[in-house]
Amino acid sequence: MARVSLRLFDTATRTVRDFVPGTPGEVGVYLCGATVQAPPHVGHVRSGIAFDVLVRWLRRTGHRVTLVRNVTDIDDKILAKAAAAGQEWWAWALANERAFTAAYDALGVLPPTYEPRATGHVPAMLDLMGRLVERGHAYTAAPGDVYFDVRSWPEYGSLTNQRVDEMTDVPEDAGSGKRDPHDFALWKAPKPGEPATASWDTPYGRGRPGWHLECSAMAHRYLGDTFDIHGGGLDLRFPHHENEQAQSRAAGYGFARYWLHNGWVTQSGAKMSKSLGNGLLVTAVLDKAPAVVVRYALTAVQYRSMLEWTDDTLAEAEATWERLAGFVQRAVERVGAASDDEVAHVVLPPAFAAALDDDLNVPAALAVVHETLRAGNSALAAGDDTAARGAMVVLRGMLDVLGLDPGSPQWSTTRGDGRTAHALDALVRAELDARAAARAARDWTTADAIRDRLTAAGIVVEDSPTGARWTLAAPATDTPED
Ligand SMILES: [Zn+2]
């Protein structure tokens, strides 16, 4: 049933490889989620969106996907920021976790199958750490300080193609007693002043988990010894993913079969960071543009490319989105809506499928979307209802894979089957009928007052030879026809 034509760039081999799931038709994906120390900016959510497109494409091509995206709810920054704010660390972490969830939901990122929190998986971490100590790959340097012994694992460095002696990025662990400066922490003794609630008893002393250990333990807990795809942002390759792989393999597990890394959101070529200010917090960006426009802007670039965020990014995305959504709306008005089921099963153009199979080449896939849009607009202009309807359904099907279907419950403002939309349409029609009656009676004052009332309510009225039609006002941008 499932097709095997997908090819993905695998960071571990630095090549584009045929993607073949370990179990036919089933795909396990582990995506490193947020360290919830602050609310998300658009750079943070790009990863969620990039892997959302992967998951949607795998499901569309007949795979059952299990997506695990963790929450790192304890770390140095969370403890420090919570203390500075006079809050409990878990309250700080939870508030930011909710901000991430709200951002993902607003941007149409499908929820993961499982969303484990690090602090809920201490026993799984202790189990993994125990295996590493037993096998001679980890040691206790001081009570609560446990390190992975990189010299004990000859493969260390293989994910990022580095030799240990050439690694310049040395962990800054405060603990002393490391055998090698490159050894990294599996468990960390509490620092002076840290709350007692932020550490756990272990056979090696009291402490809290190191970041890398969490992901290895949670991936194993939910996806088993070996799973298909491990993903995350480009900056996680080293040391985080190198360390995850070393721990898991040294513990005797196969771990990830493919490694995928998404590019950053950049400004003037530099990685977006908090130093650039709060203007790019997801909440701030959502104040400037509809969520679907933000989603379009973050989806339209191939996931491995850097996404340069400029003053024009949102305006360009908005203009394109208006053309796509506008066509779907006009087509629905002419030929009626398509059901979600029809959209989910429509055969997609081979060129679109080929583009996504080519390491999720979204820009090439969007070129096919725009060809379909042009064909659909031409069909509407020519009065060819069959062709217009066909184009509308295929267009929605393609955009659904990208999480951008204008007719989906998430993004539709004029769903014909929605009770709200139905009620709104009835009320607006009543106003338009009253306006038509006033005009027929040459009562221009009343007609203008009705129109002004609708405009104030965010409703745009267009008069046409077949009567007035209405739309919800779009945020102000020119929307040239395709
Ligand atoms: Zn991770």
Side-chain angles (χ1 to χ4, degrees), residues 10-12 28-38 40 43-52 54-55 66-78 93 96-97 100-101 104 109 112-122 124-129 132 138 146 148 150 156-160 169 171 173 184-188 208-251 253-264 271 303:
D10 176 18
T11 308
V29 183
Y30 187 90
L31 173 60
C32 288
T35 297
V36 285
Q37 47 121 341
H44 288 122
V45 291
R46 186 182 178 199
S47 178
I49 289 176
F51 286 89
D52 188 54
L54 171 69
V55 168
T66 302
L67 172 68
V68 180
R69 189 185 65 210
N70 70 293
V71 176
T72 296
D73 60 343
I74 186 162
D75 93 321
D76 291 347
K77 285 188 185 130
I78 293 170
N96 288 308
E97 181 185 324
F100 268 85
T101 301
Y104 290 133
V109 176
T113 319
Y114 308 117
E115 192 166 21
R117 293 187 185 123
T119 55
H121 293 77
V122 169
M125 295 179 215
L126 294 183
D127 181 59
L128 179 60
M129 188 157 61
L132 291 170
V146 185
F148 184 87
V150 298
Y156 189 68
S158 66
L159 178 67
T160 47
D169 195 345
D173 301 303
F184 58 88
L186 300 177
W187 211 258
K188 301 168 159 185
R208 60 184 164 87
W211 176 33
H212 318 303
L213 187 71
E214 297 169 12
C215 284
S216 285
M218 290 188 278
H220 185 259
R221 168 70 179 74
Y222 295 98
L223 296 171
D225 292 1
T226 302
F227 58 92
D228 296 299
I229 296 173
H230 194 313
L234 202 56
D235 47 334
L236 298 185
R237 282 178 306 179
F238 189 86
H240 185 50
H241 288 165
E242 188 72 67
N243 293 355
E244 280 189 39
Q245 178 172 276
Q247 295 162 161
S248 293
R249 294 220 171 137
Y253 305 136
F255 209 52
R257 301 172 60 246
Y258 296 80
W259 286 89
L260 267 61
H261 290 99
N262 63 276
W264 299 327
K271 185 188 175 209
Y303 76 96

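Just so we're clear, the structure is a prediction, and the values are computed from it rather than from any experiment. Nothing fancy with the numbering, it's 1 onward along the sequence. Numbering of ligands and ligand atoms starts at 1, following listing order.
Heavy atoms from other residues, nucleotides or ligands lying under 6.0 Å from CZ of Arg249 number more than 12.
Arg208 and Asp76 are joined by a salt bridge, as a carboxylate oxygen and a charged side-chain nitrogen come within less than 4.0 angstrom of each other.
Residue pairs satisfying the salt bridge (charged side-chain N to carboxylate O under 4.0 Å, His left out) criterion with at least one member in residues 215-229, sequence neighbours excluded, are listed as follows: Asp228-Arg257.
Around the Zn ion (ligand 1), the protein atoms of type N, O or S that sit closer than 2.8 Å are Cys32 SG, Cys215 SG, His240 NE2, Glu244 OE2.
For Ser248, the side chain to side chain donor-acceptor pair (under 3.5 Å) partners at least two apart in sequence or on another chain are Ser216. Taking Phe148 as the reference, Phe184 meet the ring-ring contact (aromatic ring centres under 6.0 Å, His included) condition, with sequence neighbours excluded.
Under 3.5 Å, the side chains of Gln245 and His241 contain no donor-acceptor pair of N or O atoms.
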